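A short write-up of the structure that comes next.
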Amino acid sequence: MLRMLASRYAGGGARPACGLRDPGRSLSRQASEAPPNQPPSSEFMARPVGVCSMMRLPVQASPEGLDAAFVGVPLDIGTSNRPGARFGPRRIREESVMLRTVNPSTGALPFQSLMVADLGDVNVNLYNLQDSCRLIQEAYHKIVAAGCIPLTLGGDHTITYPILQAMAKKHGPVGLLHVDAHTDTADKALGEKIYHGTPFRRCVDEGLLDCKRVVQIGIRGSSMTVDPYRYSRSQGFRVVLAEDCWMKSLVPLMGEVRQQMGGKPMYISFDIDGLDPAYAPGTGTPEIAGLTPSQALEIIRGCQGLNVVGCDLVEVSPPYDPSGNTALLAANLLFEMLCALPKVTVV
């Protein structure tokens, strides 16, 4: 199902010789007896050491026995401007070495609450976008069927469409918290109906979204029409423009979003270009005057306690990120998403 990294480091808990589990034991027995996976501490293992997995977590071939998992989707053939997001998952993993196990700001203890691993990357077809969507949908169907919540490292925003196809098969139409500079509700470009500007239009067409529980935050930029948000609003989406977020805390906004989402399943899709390019320059379609990292934290932390069934962080393009700061920011936001998942203990 997934293309796996060649070797692995298993942090936390005793393991048989060479760090591998005994192949003779059943997966269910291993899952029930194994202590939760833990990212290794830099006090005992140097940060440059180990396999380049998300947070240096174990790399696992199957979602069985996992509560949540990081998954890479290295696809960028749906981009309309600057490419390079196919390298996003690898670069985000590299920068995630700075992440630790506890979130003292929120009190979240994700690795004491959940069994988490890195499932490697979906083996996409870089020569066929529609076939890639099929491969992604099939991979995520297996992940969610196993009861595992996926946290996705993109990849361009096209990937959210097949992921939500898999989500809707299990959960029915889901709510959506979408952070982005763009609504991604175009119908087509150059005659093509699938690319990174159309995922949520396709999701509406297929009934994958609970449209009364869709919120788009950070929207901005020039347009070809005077009312570029007409389609979103006509479907019942709430569109929060970047201008309405300038110079203010988004905690009150997220209080309203929490009421709107209720206790039903919801999905978080975070395009890194929702942030201002001063903070996240490494992306394909940057727009000025965006959100700040602190506002991004308020948005994600505002989802804590909601019924989050999946998340993605998309559109990191390392060729335009020479400092690595965009990927570092993305890695931190994915950690915050992990901390906001259901069943995570908060102290």
Side-chain angles (χ1 to χ4, degrees), residues 10-13 31 34-43 47 53-58 60 63 65-71 92-93 95-119 143-144 147-153 175 177 179 215 217 249-259 261-270 272 274-275 291-313 327-347:
N37 296 329
Q38 294 276 343
S41 169
S42 61
E43 293 183 34
R47 288 198 170 103
S53 64
M54 187 66 181
M55 299 183 70
R56 295 190 292 178
L57 285 164
Q60 186 164 313
L66 297 179
D67 299 302
F70 294 101
V71 187
I92 293 170
R93 287 182 173 110
E95 295 298 336
S96 74
V97 73
M98 281 295 297
L99 296 171
R100 304 164 185 90
T101 59
V102 176
N103 190 332
S105 296
T106 65
L109 306 172
F111 297 104
Q112 294 184 28
S113 314
L114 306 175
M115 180 65 84
V116 188
D118 189 324
L119 286 178
I143 294 169
V144 299
C148 177
I149 298 176
L151 300 105
T152 302
L153 293 65
L177 178 61
V179 182
V215 181
I217 303 175
S249 168
L250 299 188
V251 171
L253 169 65
M254 289 309 299
E256 297 172 5
V257 171
R258 292 179 65 84
Q259 289 186 342
M261 293 297 169
K264 297 179 180 178
M266 63 162 292
Y267 185 88
I268 302 172
S269 186
F270 200 116
I272 202 69
L275 301 183
L291 304 176
T292 67
S294 59
Q295 289 175 319
L297 293 182
E298 289 178 328
I299 291 170
I300 297 173
R301 290 174 181 177
C303 295
Q304 194 169 54
L306 296 178
N307 188 10
V308 179
V309 297
C311 318
D312 64 52
L313 192 295
L328 176 65
L329 180 53
N332 276 271
L333 295 180
L334 282 159
F335 172 68
E336 293 285 342
M337 293 177 191
L338 175 66
C339 292
L341 294 185
K343 299 182 180 179
V344 170
T345 300
V346 178
V347 296

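All figures in this text were calculated on a predicted structure; none of them were measured in a lab.
Taken from CG in L334 to CE in M55, the straight-line distance is 10.5 Å, to the nearest 0.5 Å. Atom CG of N37 is separated from atom CG of L114 by 11.0 Å, given to the nearest 0.5 angstrom. To the nearest 0.5 angstrom, L66 atom CG is 6.0 Å from L119 atom CG. Atom CG of residue L109 and atom CG of residue N103 lie 9.0 Å apart, to the nearest 0.5 angstrom. A distance of 12.5 Å separates CD1 of I300 from CD of Q295, quoted to the nearest 0.5 Å. For the atom pair CG (L313) and CD1 (I92), the distance works out to 5.5 Å, reported to the nearest 0.5 Å.
Taking both residues in full, the closest heavy atoms of E95 and A327 are given as CG-CB, 3.7 Å, listed atom of the first, atom of the second, then distance. Contact record, F335 with L99: CB-CD1, 3.9 Å, taken as the closest heavy-atom pair. Taking both residues in full, the closest heavy atoms of K264 and N307 are given as O-CB, 3.5 Å, listed atom of the first, atom of the second, then distance. Across all their heavy atoms, M261 and G175 have their closest contact at SD-CA, 4.3 Å. Residue V309 comes nearest to P150 through the heavy atom pair O-CD, 3.7 Å, listed as atom of the first residue, atom of the second, then distance. The heavy-atom pair separating T101 from P39 by the smallest distance is CG2-CD, 3.6 Å.
Side-chain contact between V116 and L57 is present, with heavy atoms from C-beta onward closer than 4.5 Å. Two residues are said to be in side-chain contact when any heavy atoms from C-beta on lie closer than 4.5 Å; F70 and S96 fail this criterion. Contact check for V179 versus L291: side-chain heavy atoms found under the 4.5 Å cut-off. For the pair E298 and S249, the minimum side-chain heavy-atom distance is below 4.5 Å. At least one side-chain heavy atom of L297 sits less than 4.5 Å from a side-chain heavy atom of L333. Residues D67 and C148 fail the side-chain proximity criterion, which asks for heavy atoms closer than 4.5 Å. Put simply, the side chain of F270 does not reach to within 4.5 Å of the side chain of C311, judged on heavy atoms. Side-chain contact between C303 and I268 is present, with heavy atoms from C-beta onward closer than 4.5 Å.
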>> Between L177 and I299, is the side-chain contact (heavy atoms from CB on, under 4.5 Å) condition met? List the steps.
In response: CA-CA 9 Å; L177 178 61; I299 291 170; 3.7 Å; yes

>> Please evaluate residues L153 and V71 with respect to the criterion side-chain contact (heavy atoms from CB on, under 4.5 Å), reporting the C-alpha separation (whole Å), side-chain torsions for both, the decisive distance (0.1 Å), and the verdict.
In response: CA-CA 6 Å; L153 293 65; V71 187; over 6 Å; no

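In this structure, the side chain of R100 does not engage the main chain of S41 through any donor-acceptor pair within 3.5 Å.
Using a cutoff of 4.0 Å between basic side-chain nitrogens and carboxylate oxygens, R56 and D118 are not scored as salt-bridged.
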Could you list the donor-acceptor pairs under 3.5 angstrom formed by side chains in residues 337-347, with sequence neighbours left out?
from	atom 1	to	atom 2	distance (Å)
T345	OG1	S113	OG	3.2

